[in-house]
Structure formats: structure tokens, C-alpha cells
There are 2 protein chains.
Amino acid sequence: MNSEDSLDALLDALVRSTFQVTSVLSRVGAANDLSLTQLRVFGILRDRRPRMTELAAYLGLDKSTMSGLIDRAERRGLLARGKNPDDRRIVDVYLTPAGHELTERLYGEVRQILAPELSRLRPEQREQLLGLLEPLLNPDDAHGGPQATGRKS
Amino acid sequence: MNSEDSLDALLDALVRSTFQVTSVLSRVGAANDLSLTQLRVFGILRDRRPRMTELAAYLGLDKSTMSGLIDRAERRGLLARGKNPDDRRIVDVYLTPAGHELTERLYGEVRQILAPELSRLRPEQREQLLGLLEPLLNPDDAHGGPQATGRKS
DNA sequence: TATTGTTATACTCTATAACTATA
DNA sequence: TATAGTTATAGAGTATAACAATA
């Protein structure tokens with residue numbers, strides 16, 4: 001069946017490109033003693049200040065795993081724990097200035113590595129790719145309209 | 001600069017969809033006591049019989065890490081080590097029948113999870129996406145021609 | 001001597017279970 | 001009682017260094 005084959009081929013390409021990008025992220029992280037998971041934590045913390053449980057849920061990790069992860073990064077001065085005055089059980093997490101700097105630097109490195117590949121796409125192709133990735137980014141979207149809806153470039 | 005912005009947006013989408021797919025792969029792996037790395041090993045072994053060093057190089061891991069990884073999977077009867085008669089230093093690795101079965105089953109599960117999202121793309125959009133991922137899959141391509149070159153559906 | 005792979009060691013990542021503090 | 005987070009523990013993943021076997 002043709003539709004099945006096309007799905008298989010796409011799935012395969014998707015998985016392989018996923019490993020490709022993951023490999024870049026790991027490499028950049030490792031060069032700075034950060035695991036992929038920590039890189040992800042830093043990415044989330046770029047514009048948020050979640051509590052431990054939220055972070056764990058978002059990453060699909062146990063809260064005890066989060067404790068260790070945050071411990072190690074905190075010990076390096078890259079992020080900090082804050083107390084919530086309303087509910088003193090809650091601990092929220094945020095990047096220190098050093099953590100912010102590092103995060104932006106790492107994103108820059110990733111960008112430098114991937115930009116050459118992506119530059120092989122013409123601008124309108126990049127726009128296309130961005131749109132086609134949409135279903136993966138919002139898995140539970142009500143998929144009524146065409147994919148060109150709410151995004152104003 | 002507009003071209004810069006479009007690159008940033010695409011990079012961001014690419015990283016996020018990477019984490020999305022990774023999350024699916026991890027979940028499916030974890031449900032069968034396989035790490036992401038082992039899943040990757042199994043994916044490679046699906047149609048190859050590499051030696052330890054090749055495998056390590058391909059995954060970007062140290063050979064000592066490979067030893068442990070292969071040890072644990074071998075202990076479960078999912079893959080095996082073979083001796084090379086030409087050069088007795090070489091150890092090559094291959095899936096056992098049980099390993100093959102498991103691998104195909106896992107790929108099926110991944111497919112079942114991702115298919116609904118990808119089905120939101122029309123067939124010609126899937127074809128498009130497949131083509132647009134090409135630059136990521138072959139990072140060192142001489143990028144002379146259009147991306148529709150050597151792949152025959 | 002150089003290469004292939006394993007072993008010893010140390011650290012990170014991860015989950016489960018038991019715990020403390022707060023609500 | 002229930003929730004937020006930490007700690008204790010154990011196993012997997014990882015790299016570095018030292019090693020054995022083969023070339």
C-alpha cells in the first residue's frame with residue numbers, strides 16, 4: 001500500500017534526523033559538561049521559572065531525578081532554587097546570570113553547527129519545513145484548519 | 001535581519017520536534033527496559049553487523065561504553081558477539097532472532113504513536129517533509145542539485 | 001609498536017521507596 | 001490526609017586509564 005510506505009519512509013527520516021540533531025545537542029552539551037537532559041532543563045528555564053514538580057512532569061522524569069539534576073547544576077552556580085512565600089513546600093527553579101550566559105552561548109553553538117545544513121534550504125523551503133513540523137510540536141491540536149493558521153512570521 | 005530570524009525560528013522548531021520524537025522513543029524503549037542508546041544500537045543492527053569500534057564511532061561513544069552496552073543486551077539474549085576469523089581481535093555484533101523480533105515490535109509501536117500526527121499531513125506534504133529533511137540526514141552532501149536526486153520512492 | 005576490545009574506577013542519570021515539612 | 005520535595009539505594013550510561021590479546 002502506497003500510503004503506508006510513504007509513512008514508513010517519513011518515519012524513518014524523522015527518526016534519523018532526530019538522532020542527528022540529538023547528536024549535535026549532546027556534543028555541544030558534553031563540551032560544556034552538560035547532559036542532554038540538563039540542556040533541556042536550561043532551555044526550559046530560559047523563559048520560565050517552574051517548580052520542581054512541573055519541571056519533572058514536563059521532562060517526563062521522576063521528582064527525585066529532578067532533585068539530583070538541579071543539585072548538580074546549582075552546585076555549579078548555573079541555576080538556583082527559590083522559596084515560594086505562599087506555599088512553603090514549593091521550590092521553584094530559575095537560571096542565574098551565569099546560567100543564562102551559558103545557555104545563550106550553547107544555543108549559539110548549536111546554531112552555528114546546524115545553520116550550514118539548513119542554509120542549503122531556500123528561504124521558502126525553510127518556511128515550508130517550519131510549517132510541516134507543526135503537527136509534531138502540537139500533538140493534541142484540533143486539526144481543523146490548514147497549517148498556516150495562527151503563526152505570523 | 002529576516003533571514004536570521006527565519007533560521008532561528010526553524011532551529012527552535014527543529015530542536016523542539018527533536019525532543020518530541022525523542023520522548024516517544026524513550027517512552028517506547030523504557031516500556032521494554034531499553035534506553036534510547038540501546039534503541040539506537042538495535043536500529044543500526046537491524047541491517048548491519050558492525051564491529052564494536054564501528055558501532056562506538058557511529059554512536060559517538062567510547063569503546064568501553066560499548067562493551068557495557070553490548071554486555072547488558074547480550075545477557076538478555078537480544079544480541080550476540082561474533083568472532084572474526086581473519087582478525088581475531090575483532091568482535092562483531094548482531095541481533096539474535098529475539099532481538100530482531102523486539103526491534104520490529106518497537107518500531108511498530110513508535111509508528112503507531114507517530115502515525116496519527118503525521119497523518120495530519122496530506123500525502124504530498126509528507127513527501128515534501130521527507131525531502132526537506134534531506135539536508136539533515138546527509139550533512140556532508142555536495143549540495144549541487146535539487147533535493148529530489150537519488151531517492152527512488 | 002599499533003590496534004581491538006575488556007576491565008577497573010568514578011561520576012552522572014534514572015526510578016523506587018521511605019522520609020520530612022507543609023498544607 | 002494529601003502534596004512538594006529530599007534522601008537512600010541500586011542499576012544503567014558514560015568517559016578515562018590501564019590492561020590483554022592480536023596484528
Side-chain angles (χ1 to χ4, degrees), chain A residues 19 22-23 25-45 49-94, chain B residues 19 22-23 25-45 49-94:
Chain A
F19 283 135
T22 299
S23 159
L25 293 170
S26 296
R27 221 174 337 126
V28 168
N32 292 273
D33 286 299
L34 287 178
S35 70
L36 198 59
T37 304
Q38 278 183 318
L39 218 62
R40 246 183 120 181
V41 170
F42 282 57
I44 294 170
L45 259 40
R49 186 193 166 105
R51 61 174 77 172
M52 296 290 288
T53 309
E54 285 172 346
L55 212 40
Y58 194 80
L59 296 170
L61 297 172
D62 192 86
K63 50 192 176 138
S64 66
T65 301
M66 282 313 311
S67 286
L69 236 27
I70 299 304
D71 276 351
R72 288 182 290 273
E74 189 176 30
R75 223 176 293 139
R76 293 169 61 184
L78 298 174
L79 50 79
R81 279 182 236 238
K83 279 278 176 209
N84 186 319
D86 298 341
D87 183 336
R88 281 151 57 214
R89 293 173 299 181
I90 293 174
V91 171
D92 45 30
V93 186
Y94 57 94
Chain B
F19 283 135
T22 299
S23 158
L25 294 171
S26 296
R27 221 174 337 125
V28 168
N32 293 273
D33 286 300
L34 287 178
S35 70
L36 198 60
T37 304
Q38 278 183 319
L39 219 62
R40 244 183 123 181
V41 169
F42 282 56
I44 294 170
L45 259 40
R49 187 194 166 105
R51 61 175 76 171
M52 296 291 289
T53 310
E54 285 171 348
L55 212 40
Y58 194 81
L59 296 169
L61 297 172
D62 192 85
K63 50 194 175 136
S64 66
T65 300
M66 281 313 311
S67 286
L69 237 25
I70 299 303
D71 277 351
R72 287 182 288 272
E74 190 177 28
R75 222 176 294 139
R76 293 169 61 184
L78 298 173
L79 50 77
R81 282 181 235 236
K83 279 278 175 208
N84 187 320
D86 298 342
D87 184 337
R88 280 151 58 215
R89 293 173 300 182
I90 292 174
V91 171
D92 45 29
V93 186
Y94 57 95

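Every chain is numbered from 1, with letters handed out A, B, ... down the list of sequences. Keep in mind that what you see is a predicted model, and the values were worked out from it rather than measured.
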Rounded to whole Å, how long is the line connecting atom [atom1] of [X] with atom [atom2] of [N]?
| X | N | atom1 | atom2 | answer |
| --- | --- | --- | --- | --- |
| D62(B) | dA8(C) | CG | C1' | 13 Å |
| D33(A) | dT12(C) | CG | P | 9 Å |
| R88(B) | dT4(C) | CZ | C1' | 13 Å |
| L59(A) | dT14(C) | CG | C1' | 13 Å |

Problem set entry | Most 5' of R51(B) and R75(A) on DNA chain C, judged by nearest nucleotide | R51(B)
Problem set entry | Nearest-nucleotide comparison on DNA chain C, the residue closer to the 5′ end among L34(A) and R89(A) | L34(A)
Problem set entry | Validation row: R51(B), N84(B) side chains within 4.5 angstrom (heavy atoms) | no
For this session: Answer whether the closest heavy-atom distance between the side chains of L69(B) and L61(B) falls below 4.5 Å.
Result: yes
For this session: Output, in order, the C-alpha distance, side-chain angles, deciding distance and verdict of side-chain contact (heavy atoms from CB on, under 4.5 Å) for R76(B) and L34(B).
Result: CA-CA 11 Å; R76(B) 293 169 61 184; L34(B) 287 178; 3.6 Å; yes
Once you apply a heavy-atom cut-off of 4.0 Å, does [X] come out as touching a base, just sugar-phosphate, or nothing?
| X | result |
| --- | --- |
| Q38(A) | sugar-phosphate |
| D86(A) | sugar-phosphate |
| N84(A) | nothing |

Exercise. Closer to the 5' end of DNA chain D via nearest nucleotide, is it E54(A) or T37(B)?
Worked result: E54(A)
Seminar exercise, completed: Here the residues of residues 63-72 of chain A within 4.0 Å heavy-atom distance, strictly under, of DNA chain C are S64(A), T65(A), L69(A), R72(A)
Problem set entry | Opening and closing nucleotides of DNA chain D in contact with chain A, under 4.0 Å to non-hydrogen atoms | dA2(D) to dT7(D)
Problem set entry | Partner residues of D62(B) under the salt bridge (Lys or Arg N to Asp or Glu O under 4.0 Å) criterion, sequence neighbours left out | none
Problem set entry | Atom pair CZ/CG of F19(A) and L25(B) - distance to nearest 0.5 Å | 5.0 Å
For this session: Apply side-chain contact (heavy atoms from CB on, under 4.5 Å) to the pair D92(B) and E54(B), showing each step before the final yes or no.
Result: CA-CA 9 Å; D92(B) 45 29; E54(B) 285 171 348; over 6 Å; no
For this session: Sort out for me which residue in V93(B), L59(B), L39(B) forms a side chain to side chain contact (heavy atoms under 4.5 Å, CB included) with I44(B).
Result: L59(B)
Exercise. Is there a side-chain contact (heavy atoms from CB on, under 4.5 Å) between V91(A) and I70(A) once you walk through the steps?
Worked result: CA-CA 11 Å; V91(A) 171; I70(A) 299 304; over 6 Å; no
Exercise. Are K63(B) and M52(B) close enough, and set up right, to give a side-chain contact (heavy atoms from CB on, under 4.5 Å), and what steps lead you there?
Worked result: CA-CA 7 Å; K63(B) 50 194 175 136; M52(B) 296 291 289; 6.0 Å; no
Exercise. Between dC13(C) and S35(A), is there an OP1 or OP2 to side-chain N/O distance shorter than 4.0 Å?
Worked result: yes
